[in-house]
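A short worksheet on the structure shown next.
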Amino acid sequence: MNFNIFESKEQNELAKNLFNAILEHIDEAAIITENNTIIFVNNKFLDYSGYTEEEIIKRSPLDFVHPDFLAMTKKNMESKSETPYEIWAIRKDKSQFPALLKPKMVNHYGKIFRVVTIKDLTQDKQYNQREQLLSTTLDQSHESIVITDADANIIYVNKQFCVLTDYTPDEVIGQNPKILQSGYHSRKFYENMWSILTKGKTWNGEFQNKKKNGELYWEKATITPIFDEQSKIKSYFAIKEDITNQKTIEINFKDTEIKYQELIKNAPLGIIIIDTNGNILTINTAMINFLGSPSIEATKSINMLTFPPLKAAGVSEQFQKCIDSKEKIRFENNYTSKWGKTLYYRLYLSPILNSNNEVTNILAIIEDISKEKQYEKGILEAKEKAEESDRLKDIFLANISHELRTPLNAIIGFGEMLKDNNNLIQEQKEYLRYIDDSANHLLSIINDLVDVSQLSLHQLTYTLERIKVCEIVEPLIPMLKQQLVAFQKEHLELVIHPYEEIKNIVLNTDKKRFTQIIINLVNNAIKYTNDGKIEVFYNVSNNQLIITVKDTGIGIPKDKQAIIFERFRQVEETLSRRYEGIGLGLSLVKDIVSLLNGKVWLESEVGKGSTFYVSFPIVNEEEKEQKEEPYQKSYSENFKNDKFTVLIVEDNIENKILISKILQQYNFNVVEASNGKEAIDILKKTPYINVVLMDLQMPVMDGIEATKIIRQTNPNIPIIAQTALSQTEDKEKALSAGCNDVLIKPFKKDQLLLKIIDNLKVS
Ligand code: ADP
């Protein structure tokens, strides 16, 4: 470069030397340009670029700029800006390096020079990159990192620290980590930590710390001292893992375990865990009590598989079974402990399996069920007692009904006899009708009670036989009509619809019980209807005979329609009810219908009337020849007696008199005996007796025994048993003892005469 700045050559020479000396000295590359042409370079620039001075002088500085930075450099040069800027420069060998350019404009009497120093940034950049990498790495860590200086002032925290604690770096840099302390740890804890750290050793431990918002958290920390070249501690590096969740689980687990232990300890059930050799691992107080053991020590020595009282109670066997089968077991037995205590227990065994599906332990829960058993026993006894008293009630009902029937026989009978007396005045006749009505009413109640008690005792008599509908339905007509009179409701219309089409249909039924059902329903219809009519229909549908009894009466509310079929239930169940009755009729209907394989149901609307339906299956078989037998014959009207003798064997005086009077009215001779023994004696002495009317229940000798004895010497004399019990059993007993027939009390005059005449004919 030519320096012609000064007048003298020397001065210029000196300036040049000084200038060179300075530029070489500054340890940075430098160039000077004039009109965008390099007029000076120092040696450093030659080092950086790999060119010689000759190769550079007179060239444009842009020749050494990376194309990406050309525009920017040009702009800088043209604007004569002195602001430093960075570019990438190109060496002679085409390699590139980052450079910081600091331009300075020099104006010398109108001549503009541009002095530019150039700093190679390669190393700076690398350092920054490293630092950045380190910082990014620390920031990306999932653990919080805190670096303090030797005095424990925080000089660095990473991102995770900020995320965890909610502090920003600015808030904590320069602070002591004490700001995180929660107060959980003692002073000693920290002293101990610092004594390790200040000795240059790494400390590992767990902190419970506090976030900026006061929330507590747990962290597991490793703090390491960092040394300088003189091996002096220059900082501490702490890396900390958030273990709050683990710690919470751990704490909860500990809590749970404590609770669990408490639970086992205080459970009212005996709990025991044993190993597969029978050794006790865990046992609670209730179990010790169950074993009746005096102490826990005594209990622990017990082997559950071999302890004799447990073996005797079957417990050991169940444990072994559970070990072998790996199945849960439930077992009940009684147990007498070695110490003499007896109780009932219920045992639940569960195998505890390891990951190889092998039984490692057995968990046993034992429940003392002695009280339960006692209670159960009590209930069973109470049930038996209740059943027994129910049975006794039924027997009582049967007996009392029987006892009532006998005097009723006399009342009805004498009433009937009085009716035939022409000397009665009108008033007496009226009273007599009241007696008669009341007695008949009482009789129907007693009959219902007898039926109910017999149903309960499964002794209700009925015989299913194939029978044509007309055979049952025809005799019913006068009986149904009679009910209107009996209820004094002759103003009601009773319509029995024609049944011609179905008259030959055959049912498998009991005629008496069938009649009882229909009469019961028609009775109710009459009883609960004040105006209008009662209709009876017979229809066939789906091979069933359906009998319908329809009335225009008071009707039955919907909510009562089911319960009225239960015993003693009525729509009106108060003492002020308007209709008589004891609530047995429909329950009998339902039970008897079901005995006859039928069904009963109803439709009703309050104020409009009720319709009861009964259905029975029709038997599809050949029609039987219809018997030409009128239903009721009145023997009393046309029987002509030729003086037959009847032996009346009866202990009840009123009945004896009654029967005797009736028979005498019809010209029978009567001989009387008060018990079986008397009857035998009389028969021996009185050969002209034609028929014996034998009561079954009598003192001294009953009718069965007497009949058997009579039959030994007198096989042919007709003996008619009379009884108030209508069970099949009694009838059969009487017949097999040798009676020819059975007459059920109470009986009407005609029934008595019919039986006697029938048996006289047989003889
Ligand atoms: P009881 O007539 O003796 O009370 P039942 O067993 O025959 O007993 O009937 C039970 C109840 O059903 C009766 O008390 C009455 O309330 C009601 N009930 C039965 N039949 C009829 C009917 N045709 N109309 C209205 N209510 C009836």
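Numbers here simply count residues along the sequence, with the first being 1. Ligands are counted one by one from 1 in listed order, and the atoms in each one are counted from 1 as well.
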Ligand-residue contact atoms, ligand 1 with L584, heavy atoms, under 4.0 Å: 6 (O), 8 (O)
Residue portion contacting ligand 1 (non-hydrogen atoms closer than 4.0 Å) for D551: side chain
Stepwise side chain to side chain contact (heavy atoms under 4.5 Å, CB included) test for N714 and I710: CA-CA 6 Å; N714 201 342; I710 294 167; 4.0 Å; yes
Location of contacts on F612 toward ligand 1, heavy atoms closer than 4.0 Å: side chain
Where ligand 1 meets K527 - atom numbers and elements under 4.0 angstrom, heavy-atom basis: 1 (P), 2 (O), 3 (O)
Region of R569 engaging ligand 1 - heavy atom pairs below 4.0 Å: backbone
Enclosure of E490 CD (heavy-atom neighbours >12, cutoff 6.0 Å): yes
The one among G583, G553, G585 that brings a heavy atom closest to atom 3 (O) of ligand 1: G583
Heteroatom proximity flag, L586 to ligand 1, N/O under 3.5 Å: yes
Atom NZ of K590 with >12 non-hydrogen neighbours under 6.0 angstrom: no
N421, CG: over 12 other non-hydrogen atoms inside 6.0 angstrom: yes
Structural part of I556 in contact with ligand 1, heavy atom criterion under 4.0 angstrom: side chain
Distance filter under 4.0 Å to V571 heavy atoms, resulting ligand 1 atoms: 16 (O), 17 (C)
Atoms in ligand 1 flagged as close to Q570, the criterion being non-hydrogen separation under 4.0 Å: 1 (P), 4 (O), 11 (C), 14 (O)
Non-neighbouring partners of D510 that pass side-chain contact (heavy atoms from CB on, under 4.5 Å), sequence neighbours left out: Y462, T463, K512, R513, L596
Side chain, backbone, both or neither: V589 near ligand 1, heavy atoms under 4.0 Å: neither
Heavy-atom closest contact (Q544 atom, P617 atom, distance): OE1-N, 3.5 Å
CD (E501) with more than 12 external heavy atoms under 6.0 Å: no
Winner among F568, Y528, F565 once heavy atoms are compared against atom 24 (N) of ligand 1: Y528
Shortest non-hydrogen separation from L424 to L418 and the atoms involved: CD1-O, 3.3 Å
